[in-house]
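The figures here come from the full heavy-atom set of this structure, side chains too, leaving out hydrogens, waters and symmetry mates.
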Amino acid sequence: MSWQQVYQAIRKLLVVTVIGLAGGALPALAQTPALSGRVSSQEEGNMEGVLVRAKKTGSTIAVSVVSDAQGRYSFPADRLDAGQYAITIRATGYMLEGPNAVTVGAQKNASADLKLRKATVSETASQLSDSEWLMSWPGTPQQKGAVRGCNHCHTYERIMRTKYDPATLLSTIERMSRYSPSSFPHLMQQDPTRRIGPGPSTPETRAKTAEMRKGMAEYLASLNLSKAETWSYEFKTLPRPKGKATRVIYTEYDLPAITRQPHDVVIDSQGYAWYASFGEQILGRLDPKTGAIKEWPIPVLKPNRNKGVLDVQLDADENVWVGNGFQNGIQMFDRKSETWKSYPLPPEFDGDHIELLFLAPKNHKVDNKVWVMNNGEWSIMRVDLITQKWEKFAAMPIPRPQHYTVLSDSQNNAWFTIIGRSHIARIDAKTGEVKQFEIPVNSSGPRRGMVDKQDRIWTALNRTDSIAVYDQKTQKFTTWSTGIPEYYAYDVWVDRHGEAWASTEFADRVSRINTQTGEVTNYIMPGPTNMRRSDGDTRPKPAHFWVGANHTANIVRVEPLE
């Protein structure tokens, strides 16, 4: 070999090495972890799929990783600073014997092998997700369906540990029916009115409601601890993560007060996470790089009405819009000037029964109009941002249609879901024509979703374990299952890589679905999460999924590693 050939060979080797370094593959392999070890138990030996959580003393940020097939877990050096960390685990049916705390030194090479023991029945009950409670309960689908909404404000465990008899449970159900949907144990608000629906309450409907609540109370009393010291049925649990589902890092960010309910979390193009409190007039922004949080008060339009925000949306300029519920208006936060612009309902459309929850401002530049869902009347409204003139579009001509969310496509046509049926519908922005599209899944209950850049309409099928998409060009639906029993998908977000991410109030698991191959990866969350809105940061690959833990006042980032 001549010296020129030797030179060219060395040059090629250097180029390959530099490319590898630029891609980050070699540093990732060579990086010394800040904390690592094995997870094991006497029953299973080395354990895969155990979530290990580390939270530094005094910090508002917790980081979690998952053990692999050999029981090994590892926290990257850039995720843990030097200091004292509390260690907890999540593995249903097991408890951490120790160690419960670890010190990470300046060299960031701490080691701790974690020993687990079998949990008692009572301890296991505290670990079950709401999906696992539903899986475990005996009873008919009708009985389970009647009480499925009882986890909206708290977990099923809260009910299952009571010793209430049917009469006490009935009075509890009647009392709780008077609370606003934005209530939870840390912040209670009475519901100022009941939704009027398509017609007034009648003696027949009141009698039917009373009979339904009586059946709910009797069923729950057969499941709780009113008749015995422990539960009479065997607990059924979902499997722990395996393989790809263990290749993930979770970061939890605590919010400033326990009363914060981050029902909706949205991510802007800079990676900031925006949220609003479900029961308070507060908008917040989280900087994930530093953990710093800034909050702004949302103007109060009606001081004597319930406070709180459900829907948070970004428009094309990434100004933040909120649907303000019982405040009977929508509001826009100008992120540059940090000021608010309010669009209250005019007197002819106002009323005590009105509840403006969802809005679609993303494409308002098409015609200067924003679509709004009036959940108090199950109707669609629209406001002209220049004249502030409001329009009302009548509810669907079907009994109790139960419109839910509203979206807009690139032409600013309105799309909305009908959670009481198996339909989505469109309102033509120019003509006002309403057209329904039936999802080929019976009683699917479409809830929340999004419109992607191809103008396809995505929705979570809330009475199933599935998600669906409607392609306007082909006029066809496609559905995918998460594969998790009792999942009840709440929302779906689709990243630019063609993967769909589903959230749920029930299973404490985020489902990542490759829409090309059908592959499903289910990531277990660090704790009881009660997820609502789905959104994420689509800049990295894989994308990062973000969600609010609605009952525990924190925001969670799910960061897949492959």
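Between Trp501 and Val492 there is no side-chain heavy-atom pair separated by less than 4.5 Å. Residues Ile354 and Asn374 form a side-chain contact, since some pair of their non-hydrogen atoms from C-beta on lies under 4.5 Å apart. Proximity of Val556 to Pro526: side-chain heavy atoms (C-beta onward) are separated by under 4.5 Å at one or more points. In this structure the side chain of Ser182 reaches within 4.5 angstrom of the side chain of Gln189, judged on heavy atoms. For the pair Met525 and Met531, the minimum side-chain heavy-atom distance is below 4.5 Å. Contact check for Gln281 versus Pro297: no side-chain heavy atoms found under the 4.5 Å cut-off. Counting only heavy atoms from C-beta outward, the side chains of Asp311 and Arg448 approach each other to under 4.5 Å. Inter-residue side-chain proximity for Met450 and Val494 is flagged as met; some heavy-atom pair is nearer than 4.5 Å.
The NE2 atom of His544 sits 11.0 Å away from atom CD1 of Ile267, with the distance rounded to the nearest 0.5 Å. Here the straight-line distance linking atom NE2 of His423 with atom CD1 of Ile418 works out to 6.5 Å at 0.5 Å rounding. Interatomic distance, His551 NE2 to His154 NE2, rounded to the nearest 0.5 Å: 8.5 Å. Expressed to the nearest 0.5 Å, how far CG of Asn328 lies from NE2 of His353 amounts to 9.0 Å. Note: Ile386 CD1 to Asn368 CG = 3.5 Å, rounded to the nearest 0.5 Å. Separating the OG1 atom in Thr504 from the OH atom in Tyr488 is a distance of 9.5 Å, to the nearest 0.5 Å.
Not a single donor-acceptor pair under 3.5 Å links the side chain of Asp491 to the backbone N or O of Ser503. Checked by atom type and distance alone, the side chain of Ser59 never pairs as donor or acceptor with a backbone atom of Lys56 at under 3.5 Å. With hydrogens and angles ignored, the 3.5 Å screen pairs a side-chain donor or acceptor of Gln327 with a backbone N or O of Asn306. Side chain of Asn554 to backbone of Glu252: no donor-acceptor contact under 3.5 angstrom is found. Counting only distance, with no hydrogens or angles, the side chain of Ser180 and the backbone of Ser183 share no donor-acceptor pair below 3.5 Å.
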Output, in order, the C-alpha distance, side-chain angles, deciding distance and verdict of ring-ring contact (aromatic ring centres under 6.0 Å, His included) for Phe358 and Tyr404.
CA-CA 8 Å; Phe358 301 99; Tyr404 199 73; 4.8 Å; yes

side-chain contact (heavy atoms from CB on, under 4.5 Å) assessment of Leu385 paired with Tyr343:
CA-CA 8 Å; Leu385 301 182; Tyr343 298 88; 3.7 Å; yes

List the steps, then state whether ring-ring contact (aromatic ring centres under 6.0 Å, His included) holds for Phe416 with Trp378.
CA-CA 11 Å; Phe416 59 95; Trp378 292 323; over 10 Å; no

Side chain to side chain donor-acceptor pair (under 3.5 Å) between Glu318 and Ser269, worked out:
CA-CA 8 Å; Glu318 296 201 323; Ser269 61; 3.0 Å; yes

Given side chain to side chain donor-acceptor pair (under 3.5 Å), test Ser129 with Glu132 step by step and report yes or no.
CA-CA 5 Å; Ser129 68; Glu132 290 167 325; 3.3 Å; yes

I would like to know whether Asp334 and Thr339 meet side chain to side chain donor-acceptor pair (under 3.5 Å); could you show each step before the answer?
CA-CA 5 Å; Asp334 187 306; Thr339 58; 5.3 Å; no

May I have the step-by-step check of side chain to side chain donor-acceptor pair (under 3.5 Å) for Asn324 and Gln331, ending in yes or no?
CA-CA 7 Å; Asn324 215 175; Gln331 312 205 50; 2.7 Å; yes

Output, in order, the C-alpha distance, side-chain angles, deciding distance and verdict of salt bridge (charged side-chain N to carboxylate O under 4.0 Å, His left out) for Glu338 and Lys294.
CA-CA 11 Å; Glu338 298 188 4; Lys294 186 174 182 179; 3.2 Å; yes

Begin with the C-alpha distance, continue with both residues' side-chain angles, and end with the deciding distance and a verdict on side-chain contact (heavy atoms from CB on, under 4.5 Å) for Trp371 and Met381.
CA-CA 6 Å; Trp371 295 96; Met381 306 188 77; over 6 Å; no

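In this structure, Trp274 has its ring center at least 6.0 angstrom away from the ring center of Trp546. Ring centers of Phe437 and Trp415: under 6.0 Å apart, within the cut-off. Here the two rings, on Trp321 and His364, have centers that are under 6.0 Å apart.
For the 3.5 Å distance criterion, the side chains of Thr259 and Glu280 qualify, holding a donor opposite an acceptor. In the model, Arg161 has a side-chain atom that pairs as donor or acceptor with a side-chain atom of Ser126 under 3.5 Å. A side-chain N or O of Ser410 and one of Asp455 form a donor-acceptor pair less than 3.5 Å apart. For the 3.5 Å distance criterion, the side chains of Thr155 and Asp130 fail to qualify, holding no donor opposite an acceptor.
Contact record, His497 with Pro540: NE2-O, 2.8 Å, taken as the closest heavy-atom pair. Heavy atoms only, all atoms of each residue included: Val322 and Leu359 are closest at C-CD2, 3.7 Å. When all heavy atoms are compared, the tightest approach of Gly325 to Leu357 is CA-CD2, 3.9 Å. Smallest separation of non-hydrogen atoms from Pro446 and Arg421: CD-O, 3.2 Å. Taking all atoms of both residues into account, the shortest heavy-atom contact from Gly445 to Ser422 is N-OG, 4.4 Å.
The 12-atom threshold is exceeded at CZ of Phe349, counting heavy atoms of other residues, nucleotides or ligands nearer than 6.0 Å. Heavy atoms of other residues, nucleotides or ligands lying less than 6.0 angstrom from CZ of Arg158 number 12 at most.
Tyr272 carries Arg285 over the face of its six-membered ring, with the cationic atom under 6.0 Å from the centre and within 45° of the normal.
A salt bridge is absent between Arg148 and Glu505: the closest approach of a Lys/Arg side-chain nitrogen to an acidic carboxylate oxygen does not fall below 4.0 angstrom. Looking at Arg335 and Asp315, no side-chain N of the basic residue comes within less than 4.0 Å of a carboxylate O on the acidic one, giving no salt bridge. Between Lys430 and Asp428 there is no salt bridge, since no side-chain nitrogen of the basic residue lies less than 4.0 Å from a carboxylate oxygen of the acidic one. For Arg260 and Glu295, the salt-bridge test passes: some basic side-chain N is under 4.0 Å from an acidic carboxylate O. Using a cutoff of 4.0 Å between basic side-chain nitrogens and carboxylate oxygens, Arg426 and Glu433 are not scored as salt-bridged. Ion pair Glu391/Arg382 flagged as a salt bridge, since at least one NZ, NE, NH1 or NH2 atom sits closer than 4.0 Å to an Asp/Glu carboxylate oxygen. With salt bridges taken as basic N to acidic carboxylate O contacts below 4.0 Å, one links Lys302 and Asp350.
Scanning for salt bridge (Lys or Arg N to Asp or Glu O under 4.0 Å) contacts around Arg509 gives an empty result, with sequence neighbours left out. Scanning for side chain to side chain donor-acceptor pair (under 3.5 Å) contacts around Asn413 gives Asp409, with sequence neighbours left out.
A salt bridge (Lys or Arg N to Asp or Glu O under 4.0 Å) with Asp317 is found for one member of Lys336, Lys362, Lys365 and no other, namely Lys365.
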